[in-house]
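Worksheet for the structure shown next.
Below, chains carry the letters A, B, ... as their sequence lines are ordered, and counting in each starts from 1.
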2 protein chains.
Amino acid sequence: MPHTHKDQDTPELLLENQLCFAVYSAAHAFTAAYKPLLDQIGVTYPQYLVLLVLWEANGSSVGEIGGKLNLDSGTLTPLLKRLEAQGFVSRNRDKNDERVVRVHLTAMGRDARIHAVAARRAIVCSLETTEPEIQKLKTLVTELDGRLRTSGPNR
Amino acid sequence: MPHTHKDQDTPELLLENQLCFAVYSAAHAFTAAYKPLLDQIGVTYPQYLVLLVLWEANGSSVGEIGGKLNLDSGTLTPLLKRLEAQGFVSRNRDKNDERVVRVHLTAMGRDARIHAVAARRAIVCSLETTEPEIQKLKTLVTELDGRLRTSGPNR
DNA sequence: CACAATTGAATTGCGTACAACTTAAAAAGC
DNA sequence: GCTTTTTAAGTTGTACGCAATTCAATTGTG
């Protein structure tokens, strides 16, 4: 009897079979898990990602930050203005090239790193897995990310 | 010599070691990969997720959709209004409980399923992996999602 | 039955994301 | 050297995503 109640000729589109949804949901879960921890520092999750970049490469340009996080200026400019307004960073035009804006950590931005380390440890702990397991999964997801970005009609 | 150039006492916070960023980035990559395909149907990626739910459970309430997608009414109400304005669904109060709004697919919403199957196949194909591999990774990510959601200070 | 507590959507406000466009500065071409 | 092209940020408009609040309908309790 075809056309019964829930006739699934294609299990391909069942929500629970979708890797894309699993990733979408996990991304939100990470944001939510980090939220109470980042609230204490006073930054949002995307702002925390920007700080991760700056702790590694202080003085990066808006474009460099965007290149690492895959975000464009339309997202970063207002976000950086908020980080600046809250005292975490300073934004200044590069003397040698007035087109680029360099973002530097303030003392406050530098200090926030300590709390970030603690936050990250708390999350890892709550995952109840080993660091190697986390890195293994990270590698798989990064590989997926790469394939998605290098395949489309463009590029 | 401590404090050299890029002194990393804690590789814990290196961007490329962050599972959370890998997931964050992959989620955006999925959205971008689906975009040109969904553009042809005329829906956004989150709207597509709602359609996935409805193709499986037509007539779901706003709350039921949100329960499956982990989205609240603040996100869904305007999204559903747009889906309705574009002719994919209808929204009506439940006769037995005037608080709940039931969402039903229109003929157009039902028909869009065909194109969605094609879109999903195109994405899977671009990943150059087998369906079992995709499902394996999906399982790992879903497990991660679960741990993140059941650990926090709440719950 | 009356009334308090709960529930389901909707609304408001803020912060991403991204497409499309603008503007200013630098690089390239002639 | 002057114009054309390219590049880097910023701006504008639309669509999420979520916290917090509101409002109406239903449920629970005395």
Worksheet item: A:Lys81 has an atom NZ; how far is it from atom P of C:dG15, in whole Å?
Response: 14 Å
For nucleotides 4-7 of chain D, print each protein N/O atom paired with a nucleotide N/O atom at under 3.5 Å, atom names and distance only.
| residue | atom | partner | partner atom | Å |
| --- | --- | --- | --- | --- |
| D:dT7 | O2 | A:Arg99 | NH1 | 3.3 |

Discussion item. In whole Å, I'd like the distance from the CZ atom of B:Arg102 to the P atom of C:dA9.
Written reply: 8 Å
Discussion item. For A:Trp55 and A:Tyr48, take the angle between the two ring planes, folded into 0 to 90°, and tell me which bin it lands in: parallel under 30, tilted 30 to 60, perpendicular over 60.
Written reply: perpendicular
Discussion item. Salt bridge check, A:Arg149 against A:Glu143: does any charged N sit closer than 4.0 Å to a carboxylate O?
Written reply: no
Worksheet item: Could you give the NZ-to-P distance, from B:Lys95 to D:dA24, as a whole number of Å?
Response: 18 Å
Discussion item. For B:Arg121, is there an ion pair with A:Glu12 - N to carboxylate O distance below 4.0 angstrom?
Written reply: yes
Worksheet entry | d(CD, A:Glu84; C1', D:dG10) in whole Å | 14 Å
Practice prompt. For A:Thr106 and A:Asp111, run side-chain contact (heavy atoms from CB on, under 4.5 Å): C-alpha distance rounded to whole Å, both residues' side-chain angles, the deciding distance at 0.1 Å, then the answer.
Written response: CA-CA 9 Å; A:Thr106 60; A:Asp111 294 348; over 6 Å; no
Worksheet item: Between A:Val103 and A:Ser90, is any pair of side-chain heavy atoms under 4.5 Å apart?
Response: no
Worksheet item: Separation of A:Leu80 atom CG from C:dG15 atom P, in whole Å?
Response: 14 Å
Worksheet item: Going by atom types only, do A:Thr44 and A:Arg82 share a side-chain donor-acceptor pair under 3.5 Å?
Response: no
Practice prompt. Give a yes or no on whether a salt bridge exists between B:Lys136 and B:Glu133, defined as a side-chain N under 4.0 angstrom from a carboxylate O.
Written response: yes
Worksheet item: Does A:Lys68 pair with A:Glu64 as a salt bridge, N-O distance under 4.0 Å?
Response: no
Worksheet item: Would A:Tyr24 and B:Phe30 satisfy ring-ring contact (aromatic ring centres under 6.0 Å, His included), going step by step from the backbone distance to the final call?
Response: CA-CA 8 Å; A:Tyr24 167 92; B:Phe30 260 124; over 10 Å; no
Discussion item. Strictly under 4.0 angstrom, non-hydrogen atoms only: write out the protein contact profile of nucleotides 12-23 of chain D, one letter per nucleotide from the 5' end, B, S or -.
Written reply: ---SSBBB----
Discussion item. From CD of B:Glu98 over to P of C:dA10, roughly how many Å is that when rounded to an integer?
Written reply: 12 Å
Discussion item. In whole Å, I'd like the distance from the CG atom of B:Asp97 to the P atom of D:dT27.
Written reply: 6 Å
Worksheet, complete the sentence: Separation of C:dA25 atom C1' from A:Asn96 atom CG, nearest Å, is 13 Å
Fill in: Given C:dA9, D:dG10, C:dA25, the nucleotide with the shortest approach to the side chain of B:Ser61
C:dA9
Worksheet item: OP1 or OP2 of D:dT26 less than 4.0 angstrom from a side-chain nitrogen or oxygen of B:Arg93, does that happen here?
Response: no
